[in-house]
Amino acid sequence: MPELPEVEIIRRGLALAMEGASFEAVTLNRPDLRFPFEANFVRRLLSERVYRLTRRAKYIIAETESGLSLAMHLGMTGRFTILHKAAGRAKTPGAFYHDYDADPRHDHVVFGMSNGDVIRYNDVRRFGYMTLFPARDMAEHPLFKALGVEPLSDGLSPSSLAESASGKAQPLKAFLLDQRIIAGLGNIYVCEALFRAGLPPNAEAGLLAKGKRGRAASERLCASVKSVLGDALLAGGSSIRDYRHADGKGGNFQEKFDVYGRGGEPCHNGCGALIERKAQQGRSTFFCPICQAKL
DNA sequence: ACATAGACCTGTTGGC
DNA sequence: TGCCAACAGGTCTATG
């Protein structure tokens, strides 16, 4: 489910339940998610007090006062749900998803916090994972070491984009999905950003570093990546294949997609073409054959 | 070093 | 209605 905007929205919701609270109970309903939980996962976490939640790429990181960090990745189908003690009914992070019903088959992790909130991690496909590490080791951690720039930071600029694309023969689509270049983009926002920039998904990435056209394309692409992520954040992220409760706020960026999931539908630019879908890198790419004809 | 295909896992959807 | 193939927001790992 989650790319950068969704993960960020979930982080903000989780922060309400986690920050300032400590782990009073940790339940693992199975020995692994995508990877096995490390030995002593529960014991190491118990009584640790969270002082802040941060995000890096698509990871949410709970940092504790004693210097322990818990990194959480949601994979494709991971979800967090907060049950507030007083409310008795589920409240979800960022009011993003529907009210919660217990799902014993896929509720894999349950955190009982000292403030009375209960946080459940649900993940049907189990592509998500959690891991503990000393906060001070983050820069050298295998998961984080090679990550590229945060796209909403100043680290991503037209020139940095062109520089990292220089000499690369791979298609723009694959280039943008590479977390070592830009950290946090996924299939949806790559498709949307390429559309906004008017660039063909299969154009050679290296062209961004070549000539006047390359420079102009880098400018458009950089601006498009930032604007599509920014717009998605303002909309509360995108909810695909997730029922959303009628009174839930946010999470409606999917209604603003220009290309993703719109195969066969007319281009929003009014060019008269129909959005096409094709497989690229084993994933679906959506694009307008007219508006994204050439770099 | 780089690029692509396959693997992981389960549920939903669309076509015959 | 039933069955099966294709597909799904991610990313790690083999292979060429």
Side-chain angles (χ1 to χ4, degrees), chain A residues 1-11 29-36 55-60 71-80 93-94 96-97 103-108 121-131 141-148 151 164-194 201-206 228-229 232-233 235-244 250-257 259-264 277-286:
Chain A
M1 164 209 66
E3 300 181 35
L4 187 152
E6 292 75 36
V7 174
E8 175 58 22
I9 296 293
I10 291 165
R11 183 196 68 78
N29 289 326
R30 51 176 303 127
D32 57 10
L33 291 171
R34 177 170 181 184
F35 308 118
R55 180 191 57 74
R56 175 75 170 108
K58 299 169 192 169
Y59 295 89
I60 296 170
M72 298 167 275
H73 194 290
L74 300 158
M76 292 275 266
T77 53
R79 301 181 200 185
F80 281 104
F96 187 42
Y97 296 112
D103 175 12
R105 285 177 57 78
H106 309 299
D107 283 345
H108 305 308
Y121 178 71
N122 181 286
D123 190 348
V124 170
R125 293 174 74 182
R126 299 203 309 277
F127 286 169
Y129 46 99
M130 299 186 186
T131 187
H141 194 288
L143 286 178
F144 302 107
K145 193 168 153 173
L147 286 177
S164 41
S166 178
K168 290 214 155 57
Q170 65 186 162
L172 275 180
K173 171 90 186 283
F175 172 72
L176 293 174
L177 281 174
D178 188 343
Q179 302 297 299
R180 296 169 303 181
I181 311 291
I182 301 176
L185 294 179
N187 203 35
I188 291 179
Y189 296 107
V190 164
C191 290
E192 294 297 317
L194 285 170
N202 60 357
E204 186 184 323
V228 79
L229 293 177
L233 267 174
S238 306
S239 310
I240 311 278
R241 281 176 287 282
D242 276 295
Y243 169 72
R244 198 160 55 81
N252 61 353
F253 190 70
Q254 71 281 4
E255 293 162 16
K256 304 196 176 138
F257 289 165
V259 287
Y260 188 83
R262 294 194 63 247
R277 173 187 169 283
K278 69 171 176 182
Q280 209 181 355
Q281 278 78 52
R283 334 248 342 239
S284 288
T285 297
F286 297 90

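We use all heavy atoms of the structure for the numbers below, so side chains are in, but hydrogens, waters and symmetry mates are not. The sequence lines fix the lettering, A, B, ..., with proteins before strands; numbering per chain opens at 1.
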(request) Check whether the aromatic ring of A:F127 stacks on the base of B:dC9, taking stacking as ring centres less than 5.5 Å apart and planes within 30° of each other. (result)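 Given the distance and angle limits, no, they do not stack.
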In whole Å, I'd like the distance from the [atom1] atom of [X] to the [atom2] atom of [N].
X      : N      : atom1 : atom2 : answer
A:Q280 : B:dG6  : CD    : P     : 16 Å
A:N122 : B:dT10 : CG    : C1'   : 12 Å
A:H141 : C:dC12 : NE2   : P     : 11 Å
A:D123 : B:dC9  : CG    : C1'   : 9 Å
A:K173 : B:dA3  : NZ    : C1'   : 15 Å
A:L33  : C:dT11 : CG    : P     : 15 Å
A:D32  : B:dT10 : CG    : P     : 10 Å
A:K58  : C:dC12 : NZ    : C1'   : 13 Å

Looking only at side-chain N and O atoms, does [X] come under 4.0 Å of OP1 or OP2 in [N]?
X      : N      : answer
A:H73  : C:dT11 : yes
A:K168 : B:dA1  : no
A:H106 : B:dC9  : no
A:Q281 : B:dA3  : no
A:Y129 : C:dC12 : yes

(request) Return the set of residues passing side chain to side chain contact (heavy atoms under 4.5 Å, CB included) with A:R180 (not counting sequence neighbours), or none when no residue passes. (result)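 Only A:A146, A:D178 meet the side chain to side chain contact (heavy atoms under 4.5 Å, CB included) criterion with A:R180.
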(request) Output all residues satisfying side-chain hydrogen bond (donor to acceptor under 3.5 Å, both in side chains) with A:K58, sequence neighbours left out; order by chain, then residue number. (result)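 With neighbours one apart ignored, the set is empty.
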Please write out each protein N/O paired with an N/O of nucleotides 4-8 of chain C under 3.5 Å, distance rounded to 0.1 Å.
residue	atom	partner	partner atom	Å
C:dC7	OP1	A:R277	NH2	3.4
C:dA8	OP1	A:S284	OG	2.5
C:dA8	OP2	A:S284	OG	3.3
C:dA8	O3'	A:R241	NH2	3.4
C:dA8	N3	A:R125	NH1	3.1

With sugar-phosphate meaning primed atoms plus P, OP1 and OP2, does [X] contact a base, only sugar-phosphate, or nothing at under 4.0 Å between heavy atoms?
X      : value
A:P5   : nothing
A:R180 : nothing
A:A169 : sugar-phosphate
A:Y59  : sugar-phosphate

(request) Evaluate the side chain to side chain contact (heavy atoms under 4.5 Å, CB included) criterion for residues A:L233 and A:I9: first the C-alpha distance (whole Å), next the side-chain angles of each, then the deciding distance (0.1 Å), finally the verdict. (result) CA-CA 7 Å; A:L233 267 174; A:I9 296 293; 4.0 Å; yes
Under 3.5 Å: donor-acceptor pair, side chain of [X], backbone of [Y]:
X      : Y      : answer
A:D123 : A:H108 : no
A:E3   : A:Y189 : yes
A:E6   : A:S238 : yes

[atom1] atoms of [N] and [M], separation to the nearest Å:
N      : M      : atom1 : result
B:dT12 : C:dT11 : C1'   : 22 Å
C:dA6  : B:dG6  : P     : 13 Å
C:dT1  : B:dG11 : P     : 23 Å

(message) When you measure only distances, ignoring hydrogens and angles, does the side chain of A:R126 come within 3.5 Å of the base of B:dT10 through a donor and an acceptor?
(response)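 Under the 3.5 Å cut-off, the side chain and the base do not form any donor-acceptor pair.
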(request) Examine A:Y59 together with A:F144 and report whether their ring centres are nearer than 6.0 Å. (result)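 Between A:F144 and A:Y59, which both carry aromatic rings, the centre distance is below 6.0 Å.
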(request) Please determine, for B:dC2, whether a Watson-Crick or G-U wobble partner exists with both distances under 3.5 Å, and give it or none. (result)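 Because both required distances fall under 3.5 Å, B:dC2 counts as paired with C:dG16.
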(message) Is it the case that the side chains of A:R277 and A:S284 hold a donor-acceptor pair, with the cut-off being a distance below 3.5 Å and no angle test?
(response)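 Indeed, the side chains of A:S284 and A:R277 share at least one donor-acceptor pair under 3.5 Å.
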